[in-house]
Amino acid sequence: MSKDTNRAAATGNTVGTVGSVSAGWDHLGKRGDGPERNLLEVRNLKVSYGGIEAVRDISFDVPEHEIVTLIGANGAGKSSTLRSIVALEKPAGGSILFEGKELTGMGTEQIVKNGITLVPEGRRVFVNLSVYENLRMGAYLRNDDLQSDLDWVYSLFPRLKERSWQAAGTLSGGEQQMLAIARALMSRPKMIMMDEPSLGLAPIIVQEVFDIIREINRMGMTILLVEQNANMALKAADMGYVMETGRITLSGAGQDLAENPVVREAYLGKART
Amino acid sequence: MAVRYPEQSGAGSLHNKYLTNIRTIPGKYPDFKGLLMDFLSKNLPYFLAGVSVGGQYALIAIGYTMVYGILRLINFAHGDIFMVAGLVTIYASTVMPLYLSIPLTILVTVILGMMIERVAYKPLRNSPRMSVMISAIGVSYLLQNLALYITGGLAQVYPTIPFISNTVTIGSATTKVVTILTPILMIVLVVLLIQLINHTKIGMAMRSVSTDFETSRLMGINVNRVISMTFIIGSFLAAVGSILYFTNYPSVIPTSGGMPGLKAFVAAVFGGIGSIPGAVIGAMLIGIVENLIKGAGWTTFSDAFTFVLLIVVLLFKPTGLFGEAATDKV
Ligand SMILES: Nc1ncnc2c1ncn2[C@@H]1O[C@H](COP(=O)(O)OP(=O)(O)OP(=O)(O)O)[C@@H](O)[C@H]1O
Ligand SMILES: [Mg+2]
């Protein structure tokens with residue numbers, strides 16, 4: 001049910017002119033091509049910093065071609081979860097399977113090579129590199145022709161094209177977020193993880209970011225989205241998980257969670273009705 | 001007391017000597033053109049020496065500035081790597097011809113620089129920067145003491161490298177070929193390096209690693225390899241610099257890396273540490289001024305100039321000529 005609402009939302013948006021240049025993205029396959037499999041399976045993941053247990057034994061799945069969101073308050077352990085998936089933090093326990101392959105123990109470069117990319121919290125664009133160079137860095141591991149993908153991300157984010165030679169540090173916050181997403185796309189990932197892409201952005205830009213997220217997903221991209229903006233995230237997601245102090249306390253279809261009274265009170269700022 | 005009677009001090013008498021040298025067109029203003037020509041012809045040899053030494057400092061300074069740019073680390077061992085390069089040339093030249101010992105020197109120096117990073121800095125990647133700095137100081141002493149042990153404390157005679165030791169005459173100055181070769185070679189290498197940094201994939205990786213390790217990793221960059229590359233380049237340039245530098249000296253001792261290393265470091269700070277053009281300009285300035293001071297007969301003060309410069313820069317513009325605003329990151 002939620003999948004259908006998503007499709008409707010995605011086709012209804014107004015972002016870019018994607019269809020024509022998207023041919024090269026067939027490697028991802030599309031929703032409903034075959035039986036959905038879990039691209040990512042996290043089992044009993046634990047992350048701790050010194051004595052602090054930031055992530056305490058969580059398990060969740062990310063099915064291929066879907067949007068899965070992880071929501072929760074500040075300090076719940078969302079970023080720690082994403083960072084440990086790409087080995088920026090070393091898990092204290094548990095297993096992370098991507099396409100059935102164990103990721104724990106691999107280095108970040110190797111994990112990225114396997115097709116996962118993270119749009120980090122706070123954008124982290126390379127401020128002293130131009131927009132174009134940032135995109136090239138995103139494709140660092142690729143040796144093939146980048147032109148069609150460059151054309152594609154520029155069509156997704158026309159504002160980046162106009163600023164192609166500008167130093168990324170001079171972009172506005174919203175533009176930097178677009179660049180961070182575009183840079184991640186340039187690696188041709190199978191799954192893209194985003195850590196609070198709406199952080200610090202004006203409502204209209206937030207809307208734009210979510211439109212892009214849906215658009216990318218419509219093209220077959222699997223997305224693991226961490227958000228404070230639970231309302232938007234749950235609306236966009238097929239599946240949602242709620243994290244509290246290192247644990248997953250609730251999970252369900254995005255739409256169902258959005259209607260869940262506990263979630264509404266705690267994360268959507270709405271009183272129980 | 002001396003302050004009240006400047007005419008009695010050494011500096012004062014020199015000053016007076018200078019004043020009497022000023023030629024004037026009778027009854028009119030000083031003959032500026034004549035003065036300039038005088039100054040130039042008198043100082044040309046010193047100026048040339050300055051350009052040359054400046055070029056040698058620049059080759060060392062780039063190593064400091066690049067490592068700092070990426071690791072925010074002052075590689076105190078860099079001057080000693082330069083000294084070791086000198087010793088390697090000496091020892092290698094006793095058993096093989098120069099056309100083999102020079103490439104070997106470069107190779108050994110590059111490997112040494114890379115090994116130092118691997119062994120002494122890489123294990124401390126997540127430690128406070130102070131720890132890495134102390135490790136660098138340790139490596140510096142280690143290299144000096146190893147050199148002391150191997151040389152037995154005796155000055156080792158530097159071989160005469162044929163072509164670059166030949167003399168040439170330029171205007172009023174007679175000098176060695178190396179004096180002319182150094183700035184040319186330095187500029188060629190710097191241009192190549194800047195091309196590498198600005199227009200190649202590894203160069204782009206170096207620039208991104210210098211701003212953000214983690215995000216660079218997320219791009220699939222092997223950060224350790226990029227850091228190794230930085231040490232390779234720095235050591236390569238120091239090795240080239242050592243050949244050009246020690247050719248002008250009779251011998252190498254374990255502390256031979258100290259002064260040139262320190263001056264190159266000041267040059268890097270002056271230029272804005274992290275900036276390659278800054279390091280080159282700083283090095284040229286120090287090289288030229290220090291030799292002009294020697295030309296003026298104040299040889300004793302020529303080294304002091306460098307350190308006065310360091311103090312002035314640190315007091316008034318700590319970020320140096322082209323330094324970015326102090327970002328205390330990484
Ligand atoms: N590098 C670190 N060292 C020590 N503690 C850390 C570190 N990073 C995170 N933590 C702690 O781990 C816990 C979870 O942090 P995390 O960043 O994963 O939360 P989050 O859910 O992403 O929060 P936010 O929504 O504010 O970004 C917090 O208590 C935090 O203080
Ligand atoms: Mg976070």
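It should be emphasised that the depicted structure is a prediction, and the values quoted were computed from it without experimental measurement. In what follows, every chain begins at residue 1, and chains take the letters A, B, ... in the order their sequences are listed.
Using non-hydrogen atoms only and a strict 4.5 Å limit, the part of residues 186-201 of chain B facing chain A consists of Asn198(B), Lys201(B). Proximity to chain B at a heavy-atom threshold of 4.5 Å picks out Thr108(A), Glu109(A), Val112(A), Leu118(A), Pro120(A) from residues 95-120 of chain A, in numerical order.
From Leu218(B), atom CG reaches atom OH of Tyr140(A) across 14.0 Å, with rounding to the nearest 0.5 Å. A distance of 6.0 Å separates CZ in Arg183(A) from OG1 in Thr215(B), rounded to the nearest 0.5 Å. Of the inter-residue distances, the one linking Leu129(A) atom CG with Met204(B) atom CE reads 7.0 Å to the nearest 0.5 angstrom.
With a 6.0 Å radius and a threshold of 12 heavy atoms from other residues, nucleotides or ligands, Arg118(B) has its CZ atom at or below the threshold. Within 6.0 Å of CZ in Phe307(B) there are more than 12 heavy atoms belonging to other residues, nucleotides or ligands. For NZ of Lys161(A), the number of neighbouring non-hydrogen atoms (other residues, nucleotides, ligands) closer than 6.0 Å is 12 at most. Atom CZ of Arg43(A) sits in a crowded spot, with more than 12 heavy atoms from other residues, nucleotides or ligands closer than 6.0 Å. Remark: Phe316(B) CZ is loosely packed, at most 12 non-hydrogen atoms of other residues, nucleotides or ligands lying under 6.0 Å away.
Sorted by first and then second residue, the side chain to side chain donor-acceptor pair (under 3.5 Å) pairs with a member in residues 259-271 of chain B read Lys263(B)-Glu290(B), Lys263(B)-Asp303(B); sequence neighbours excluded.
Partners of Ala182(A) by side chain to side chain contact (heavy atoms under 4.5 Å, CB included), not counting sequence neighbours, listed by chain and number: Leu135(A), Val153(A), Phe157(A), Leu160(A).
A pairwise comparison of heavy atoms in Arg207(B) and Asn128(A) identifies O-ND2, 3.9 Å as the closest pair.
Exactly one residue among Met137(A), Glu133(A), Arg136(A) makes a side-chain contact (heavy atoms from CB on, under 4.5 Å) with Ser208(B). That residue is Met137(A).
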